[in-house]
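Proteins get letters first, then strands, A, B, ... in listed order; numbering begins at 1 in each.
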2 protein chains.
Amino acid sequence: MSSTRKATISDVARAAGVSRSTVSKVMNGTQKLSDATENRIWAAVRQLGYQASPHARSLSTGRSRAIGLVILDILNPHFTGIVKGAGRVAREHGYALLLADAEEDPAQEEELIRTLQAHTDGLLLAGSRLPDDKLRALHGPLTPIVTVGRVLSEVPSVVATEAQAARELTRLVVQSGAQRPAYLAGPSFWVNSQRTQGYLSTMMELGLTPAVISLPGVDLQGGAVAVHSLASHTPPQSPEFPDALICYNDIVATGVIGALGQLNLKAPDDVQVVAFGPENPLLSHITHAEIPSQQLGAEGTNLLLQTLNGELPPLLHLEFPTALALGTTSLSYISRTS
Amino acid sequence: MSSTRKATISDVARAAGVSRSTVSKVMNGTQKLSDATENRIWAAVRQLGYQASPHARSLSTGRSRAIGLVILDILNPHFTGIVKGAGRVAREHGYALLLADAEEDPAQEEELIRTLQAHTDGLLLAGSRLPDDKLRALHGPLTPIVTVGRVLSEVPSVVATEAQAARELTRLVVQSGAQRPAYLAGPSFWVNSQRTQGYLSTMMELGLTPAVISLPGVDLQGGAVAVHSLASHTPPQSPEFPDALICYNDIVATGVIGALGQLNLKAPDDVQVVAFGPENPLLSHITHAEIPSQQLGAEGTNLLLQTLNGELPPLLHLEFPTALALGTTSLSYISRTS
DNA sequence: ATAATTTAGGAAACCGGTTCCCTTACTGTA
DNA sequence: TACAGTAAGGGAACCGGTTTCCTAAATTAT
């Protein structure tokens, strides 16, 4: 409070009339000492408001009790959920969390990873856009990594059952009456290929003609542009126009719905719009395959902490199931008044 | 890459045939040395893949080049935006960002603050639920703090023009035809009292009767419960039922819209629903007063970094304007099919 | 009463940087 | 030729912890 300088272990030692090593031993429970001294030390600690310097400790022990989390984009609620889960588990284990937002830029991601590796004991990589071999090179005994939402050999990972989620979503829209559901595909990484497979196989099973449309960008605009270019090829009135759009994520879906509105198409009456997305209060209106983002973050962190403690886990790759979340509401459109 | 241990400054010194201090001087540009030696040192650095240990450096210099960010709830897109802005500025200045999610729990928040203070050079506190005097006690020359969205004397802060935003929002719904807009109020901190004032004063000016309703919780359920208890007091058909609901945030608004749907009320035809919220792609459908969350995070970080560098800034409190964002779409309701 | 063992706690090296101060050699000037 | 002045780089203390090893005292066993 009032002191002008932070108390060090030497201050505590002096106040308690013992040596620095004794203070260290007592505070860490490394060695049992006499009750009398222990009490004197704890009293001094409280009185001085002493807190060990994490930096000094890290230097000395070679471990920082901090983990790094690199995500694709914090504005995307999927990654927000991962941060939530990871943060909770990290805190429960007394670990600090260093967060870095790669902002969808692989070069920036790589640099952030290097920085974070120096600061932390291990890294959680969510939505990495780095090539497989780079990721594999990153994973070492010194600073292990765990990937979220991406499976590759030799690197531990946690993922959702994406293919299954795509199957369920496809079946859902068909059961709701769709005959020509299309999939608006995201970037070509593990998640997207799983979803594509799930979509394609289900379409086959149902005897329907699949249509996979690559999004120009995984954002509002990407969804809107996709809809408009689709409409320019096949007019919305034509019988080939999709009657359901399965969107790579909820942000795309929002853009899609907006664009459909501009074409005077109403969701879900004219076109069903569903998406893959996390559990999130803001998404309760959209029907989606619920990716357990928080769970992925939490379990990914658990996996990382286990490997940090040398307890190499039985399974290197963990899979978690998704659920279907029906939108409680659907979007309709009003003319914008400026 | 292949080495089994991380290279230290001694390794570099040995490889370059110089002393450790020389390596340090060259790498930090502290002292100009002969070109020949500098080149030898840089070559050794590259060859060994040397990266200075942040912990050792922090211990030695007494500064960590890291800042801490404590937020109320990462799932709330307002705080997500703050993280985005803070992360960007921190990275641009070569600072690492430690993130902690208080999960709306003051006790947890306080503990997280203590931990983060030890790790970092300064803290950004967004949505703090701590009492004023505790915050003031936290702010010191050792580890300065900057608050986001909360003004109190002696502590630097960045905020949005919340009162003005409330005025604009109130005027907007009235101009759109509302006669009895109500304000669904959040917890009694700075932000809410500003918004309340703005709402109340505008209602006065317009000669309308204000109605401030305290939310039981600032979340989906809180919004829903508020609507239902409102409806149980004054039936939706009665002429006293609000024809516009100004929500504390977008999450509440989502809950409100859902609850209205259950009462067979459509937004915005029966009841206008508007909110305070950040710039966020997922929110483009809701009409809201746009809080510049990313800017708050960015400028708050700038402010913090300035005070860290001793350049105490001219203004301790910074205000940033909001904008009205009209929802491109509005929500209507369909019966849920399970 | 003495030897053996346990207990309590201190001394010092170490982690990997930074920085102050000093030495040595080289340059230029009187 | 002697001297001051400067450039180049090394030595060593220091940051604040942890940990290994050791000593002295206290306890137990014989």
**Prompt:** Please, which pairs that meet salt bridge (Lys or Arg N to Asp or Glu O under 4.0 Å) have at least one residue in residues 14-23 of chain B, sequence neighbours excluded?
**Reply:** B/D11-B/R14
**Request:** Apply side-chain contact (heavy atoms from CB on, under 4.5 Å) to A/S60 and list each qualifying residue two or more places apart in sequence or on a separate chain.
**Result:** none
**Request:** May I have the distance from A/L48 (atom CG) to D/dG17 (atom P), rounded to whole angstrom?
**Result:** 12 Å
**Request:** Return yes if some donor-acceptor pair links the side-chain N/O of A/R40 with the main-chain N/O of A/A16 below 3.5 Å, else return no.
**Result:** yes
**Request:** Mind grabbing the angle between the end helix axes of the helix from C/dA1-D/dT30 to C/dA30-D/dT1? Five pairs an end, 10° rounding.
**Result:** 50°
**Item:** Nucleotide range of DNA chain C lying under 4.0 Å from chain B heavy atoms
**Value:** C/dG16 to C/dC20
**Request:** Decide, yes or no, whether a salt bridge links A/K134 with A/E110 under the criterion of side-chain N to carboxylate O below 4.0 Å.
**Result:** yes
Nucleotides 5-7 of chain D: which of its N/O atoms have a protein N/O under 3.5 Å away?
none

**Item:** Nucleotide D/dG17, atom P - distance to NE2 of B/H55 in whole Å
**Value:** 15 Å
**Request:** Write out all pairs satisfying salt bridge (Lys or Arg N to Asp or Glu O under 4.0 Å) with one or both partners inside residues 66-77 of chain B, taking only residues at least two apart or from two chains.
**Result:** A/K84-B/D73
**Request:** Report yes if the side chains of A/V159 and A/L296 come closer than 4.5 Å at any heavy-atom pair, otherwise no.
**Result:** no
**Item:** Residues in side-chain contact (heavy atoms from CB on, under 4.5 Å) contact with B/Q31, at least two apart in sequence or another chain
**Value:** B/K25, B/L33
**Prompt:** side-chain hydrogen bond (donor to acceptor under 3.5 Å, both in side chains): which pairs involve residues 139-148 of chain B, sequence neighbours left out?
**Reply:** B/Q117-B/T143
**Any donor-acceptor N/O pair, B/E103 side chain to B/Q108 backbone, under 3.5 Å** = no
**Request:** Indicate, with a heavy-atom threshold strictly under 4.0 Å, whether B/S24 touches base, sugar-phosphate, or nothing.
**Result:** base
**Message:** Quick check on DNA chain C: between B/L59 and B/T30, whose nearest nucleotide comes earlier from the 5' end?
**Reply:** B/L59
**Request:** Identify, with sequence neighbours excluded, every residue that meets side-chain contact (heavy atoms from CB on, under 4.5 Å) alongside A/L116.
**Result:** A/V70, A/L98, A/A100, A/L123
**Message:** Quick one, A/N309 and A/H93 - any side-chain contact, counting heavy atoms below 4.5 Å?
**Reply:** no
Distances under 3.5 Å between nitrogen or oxygen atoms of protein and nucleotides 8-11 of chain D:
residue, atom, partner, partner atom, Å
D/dG9, OP1, B/S34, OG, 3.3
D/dG9, OP1, B/T37, OG1, 2.8
D/dG9, OP2, B/S34, N, 3.1
D/dG9, OP2, B/S34, OG, 3.3
D/dG9, OP2, B/T37, OG1, 2.8
D/dG9, N7, B/Q31, NE2, 3.0
D/dG10, OP2, B/S19, N, 2.7
D/dG10, OP2, B/S19, OG, 3.1
D/dG10, OP2, B/T22, OG1, 2.6
D/dG10, O6, B/K25, NZ, 2.4
D/dG11, O6, B/S21, OG, 3.3

**Request:** Scan for salt bridge (Lys or Arg N to Asp or Glu O under 4.0 Å) pairs involving residues 305-315 of chain A, sequence neighbours excluded, and state none if there are none.
**Result:** none
**Request:** Only counting residues at least two apart or in another chain, list the ones meeting side-chain contact (heavy atoms from CB on, under 4.5 Å) with B/S58.
**Result:** A/H55, B/S64
